[in-house]
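Beneath this line is the structure, given in structure tokens, with notes to follow.
Keep in mind it's a predicted model, so treat the numbers as computed, not measured.
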Amino acid sequence: MEFTFTEEQTRFRKEIRDFLEEEIKQGLWKPSCDAWIQGYNPEFTKRVAQKHWIGLTWPKEYGGQGRSFVDRFILAEEMLRYGAPAACHWFADRQIGGSILKYGSEEQKREFLPKIIRGEMYVGLGMSETEAGSDLASLRTMAVEDGNDYIINGQKTWTSGAWFMNHIYLLARTDTTVPKHRGISEFIIPINLPGISRIPMIDVTGTEAWNDIFFDNVRVPKKYMIGEKNRGFYHVMEQLAYERSGFVRLMGNYALFDALIKFVNETKRNGKTLSQDTVIRHKLVQLQVEFEVGRLLMYKVALVMDEGQAPTVGAAMSKAYATAFEQRLANTAMEILGPYGLLWAGSKYAPFGGMAAHSYLGSKGYSLQAGTTEIMKNIVATRGLGLPTS
Amino acid sequence: MNLALSEEQEILKEAARNFLEEKCPKSFVKQMEQDEKGYSPELWEEMANLGWTGLAFPEKYGGSGMTFLDLCVLLEEMGRACLPAPFSSTVVLGALPILNAGREEQREQYLPMIASGKAIFSLALMEPELEYEPKAIAVEATPDGDAYVINGCKLFVPYANVADYLLCVARTSKREEGITIFTVDAKSPGVKYTVLKTMAYDKLCEVLFDHIRVPKEAILGQLDQGWPEVQKIVERGDIAKCCELVGNFQWTLEDTTAYAKERKQFDRPIGSFQAIQHYCADMATYVEGARLSAYQAAWMISESLPCAKEIAVAKSWINEVSPLIFNLAHQIHGAMGLTMEHDLHFYTTRAKPVEFSYGGDNYYQEAIAKEMGLA
Ligand SMILES: Cc1cc2nc3c(=O)[nH]c(=O)nc-3n(C[C@H](O)[C@H](O)[C@H](O)COP(=O)(O)OP(=O)(O)OC[C@H]3O[C@@H](n4cnc5c(N)ncnc54)[C@H](O)[C@@H]3O)c2cc1C
């Protein structure tokens, strides 16, 4: 056993921190919640790319660094600790690159991976549809072969960040004559192909979090299909384990935790700081305990990935656990701030730029996106503990 | 990072599991509940012969030179078996402090005795006030020539009924921190014990010290400066208990999922009902957190790394989830889980006392508050 990091990893962590602190010091951006998914900042992504921090685990021959998933988790942990605006590259780095590496052709690897690594290819996730949420396999978007192309028709929904993505990962039905899991294929396509349109969807915080994306006779060259035809559902199940895993599920609103601790240390009521209030102190300590346990669950997932396995059960367990933590954190912030917590950014009374209100509402999505808590627990119970399905 | 046990640890674990499955079936656990001593001297001797009591001390004291982490691996199996024995009180609360704070002659005197299974130890720390602060220690040791005379009452002392020696934490100065640890012959006439009846049949005792005279050589560590060592004892003791509890939890999880697969209602296994599945998934998550946090702390103690926070996290987490795990386990078992026919009750009752041993919640809360920078 060894619960600590190598010297090189400790240096790496420090290098990331120094880099991010310097960025903040220069006023390039401010820490915020959900910055990994909503923080659009192409210049930041470029600077991260120049540090060679995109595609960290991918083989050197495609421009990656061939490093471990533990290293990648260290990077993610620090990015999230500082609430860095990494949304342009996050999905591509976390799951799409890995999927291309595993299932893509040599040509696709040579085309896409270097672009992702250079911080130029932003990939949105076109999986969900109005009738296909948890039951993803019942999706209806169609891809029909036509010569050297596929013609795509249908609609995707809840596509996060689609307004700034330049590519979309798309799941579409390529065979309607077989059971639903066996007729789905994967594509990665430029988002500006003729026939693709989108309409924004505003979430409860007022953010343009998602888009509906429409495909109207979109002609896609066959070379953009990833992996074997009709095996897409099995590929995406594995990809989802990577999507679910990791520090975004524990530290999506860490910026709030940080701000909250400063706030209770500095704010005085009745002659003592809020941190001295026994109830508040207890709540925060409890959150810290839960956070530390979540952190262990995450690194355990990284170690499974380093063994070359898709972390299906560990990812499901840690996601269900850690997103519940994030929601408790947001609620505790509201409890401590009282009515000040209700204020949006812009009010002179809003503590830390209205982060609490944003996070309290925004974190409701954490237990839904990438697979709901109920689906996660189903996976732990049936795949992990072997409980019967009927 | 590496969260796996080493090959030697796996071997130790498997050997311990096999041994305890054979020697410590539930019929034996049950028998010991009614036994006056609460443990079997024959089994104790066998465990000593296996090298367990001396596992974590150097060979020159008759030990096996293994680590605290190795000891925790063994303790996990003991927890899984609900082993009734003064093992952690002797080894973790008795031997390790002697190894850590004792003078060379104290180590030479006591450790080989423990390694060979000839002596049982315990720690007399808690008092009726239940505070984990030096100022709460009221048992007094007053100087008398070259000796000290100890008077007072200690509570919840594990296995004092069979102990040969007690480490007694006593006040030696009016200064708040003026605490000293003494080794006391538990068989001397002025040491009186009463076994307290608890839900776990774990031989917690009240111990009265009535004018117990001990030579000043009986001081363990420094006069008046015993409290930091007490804290170390408490922290090691707590992590040892946490690892024991991990074994208890693991059994409970396995037993509960097995029950959910077998028990049928409405013509299907109850484990196919999603409510039950999610209970099991929650239990598995609590247990995983317990295992990771307990072993993290055990490993850090083993490596002599600073780990006040990690100890506090493990202990706090385990205190939080232990009752949740047993609520779920009992819910899934239905009424059967409340009977004496099913083994679950052994685990429910053995888990509870761990929440109260040995450091209090406040103690750990402050350790975390400090680490996270709360003013
Ligand atoms: C913030 C956010 C970002 C998102 N980003 C994207 C994105 O970029 N791309 C994308 O493709 N999708 C995205 N999604 C969509 C997300 O994947 C879906 O919301 C999710 O899969 C759940 O589907 P649903 O919302 O249709 O809920 P439903 O599937 O209708 O579920 C509703 C409720 O029923 C429960 N339920 C459903 N099936 C079961 C079952 N078998 N057992 C027990 N309970 C069940 C669910 O757990 C939930 O509680 C995002 C969602 C959110 C909230």
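Judged by distance alone, with hydrogens and angles left aside, the side-chain atoms of A:Q288 form no donor-acceptor pair with the main-chain N or O of B:I368 at under 3.5 Å. A donor-acceptor pair under 3.5 Å links the side-chain atoms of B:W299 to the main chain of A:M1, judged by distance alone. A donor-acceptor contact shorter than 3.5 Å is absent between the side chain of A:N378 and the backbone of B:Q274. Of the possible donor and acceptor atoms, one in the side chain of B:Q277 sits under 3.5 Å from a partner among the backbone N and O of A:P388.
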Run the side chain to side chain contact (heavy atoms under 4.5 Å, CB included) check on A:E2 and B:E303 step by step: do they pass?
-> CA-CA 9 Å; A:E2 189 172 337; B:E303 298 289 309; over 6 Å; no
Which is it for B:S272 and A:L387 under the side chain to side chain contact (heavy atoms under 4.5 Å, CB included) test, yes or no, and what are the steps along the way?
-> CA-CA 6 Å; B:S272 67; A:L387 290 169; over 6 Å; no
For B:V313 and A:L296, run side chain to side chain contact (heavy atoms under 4.5 Å, CB included): C-alpha distance rounded to whole Å, both residues' side-chain angles, the deciding distance at 0.1 Å, then the answer.
-> CA-CA 11 Å; B:V313 165; A:L296 288 168; 5.8 Å; no
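Here NZ of A:K377 is found 3.5 Å from CG of B:D282. Values are rounded to the nearest 0.5 Å. Here B:C307 contributes atom SG and A:F3 contributes atom CZ; the two are 11.5 Å apart, rounded to the nearest 0.5 Å. Atoms CE and OG1, from B:M1 and A:T6 in turn, are 10.5 Å apart once rounded to the nearest 0.5 Å. Taking CG from B:L3 and NZ from A:K300, the interatomic distance works out to 7.0 Å, rounded to the nearest 0.5 Å. Between A:E290 atom CD and B:W317 atom CH2 the span is 6.0 Å, to the nearest 0.5 Å.
Contacts of B:D267 with chain A are absent, with no heavy-atom separation under 4.5 Å from either backbone or side chain. Neither the backbone nor the side chain of A:S68 comes within contact range of chain B; no heavy atoms are under 4.5 Å apart. Contacts between A:F257 and chain B at a heavy-atom distance below 4.5 Å involve the side chain alone, from C-beta outward. Contact of B:Y286 with chain A is not made at all, since no heavy-atom distance falls under 4.5 Å. Contact of B:A369 with chain A is made through backbone and side chain together, with heavy-atom distances under 4.5 Å. If you measure heavy-atom distances from A:E266 to chain B, you find no contacts under 4.5 Å at all. Contacts between B:E371 and chain A at a heavy-atom distance below 4.5 Å are absent for every atom of the residue. Within the 4.5 angstrom heavy-atom criterion, only backbone atoms of A:T389 (N, CA, C, O) approach chain B. With a 4.5 Å cut-off on non-hydrogen atoms, A:L303 touches chain B through its side chain but not through its backbone.
Contacts with chain A were tallied for B:E254, B:Q296, B:K261; B:Q296 has the most, counting heavy-atom pairs under 4.5 Å. Among B:E310, B:Q9, B:E288, B:R268, the residue making the largest number of heavy-atom pairs under 4.5 Å with chain A is B:E288. Between chain B and the residues A:V70, A:T382, A:V285, A:T373, the most heavy-atom pairs under 4.5 angstrom are made by A:V285.
Heavy-atom contacts from other residues, nucleotides or ligands closer than 6.0 Å to OH of A:Y340 number 12 or fewer. Annotation: A:Q309, atom CD; neighbour count of heavy atoms from other residues, nucleotides and ligands within 6.0 Å is above 12. Crowding of B:E10 atom CD: a count of heavy atoms from other residues, nucleotides or ligands under 6.0 Å exceeding 12. Other residues, nucleotides and ligands place no more than 12 heavy atoms under 6.0 Å from the CG atom of A:N270. When the shell of 6.0 Å around CD of A:E307 is examined, it contains more than 12 heavy atoms from other residues, nucleotides or ligands. At most 12 heavy atoms of other shown residues, nucleotides or ligands fall within 6.0 angstrom of atom CZ in A:R383.
The shortest non-hydrogen separation linking B:M372 to A:L284 is CE-O, 3.5 Å. Nearest approach of B:S316 to A:V289, heavy atoms of both residues: CB-CG2, 3.8 Å. Annotation for A:A381 and B:A281: closest pair N-CB, 4.4 Å, computed over non-hydrogen atoms. Closest heavy-atom contact between B:A375 and A:N265: N-OD1, 2.6 Å.
In summary, the side chains of A:H282 and B:Q365 do present a donor paired with an acceptor at a separation below 3.5 Å, with no hydrogens or angles considered.
Using a 4.5 Å heavy-atom threshold, the side chains of A:T273 and B:L374 count as separate.
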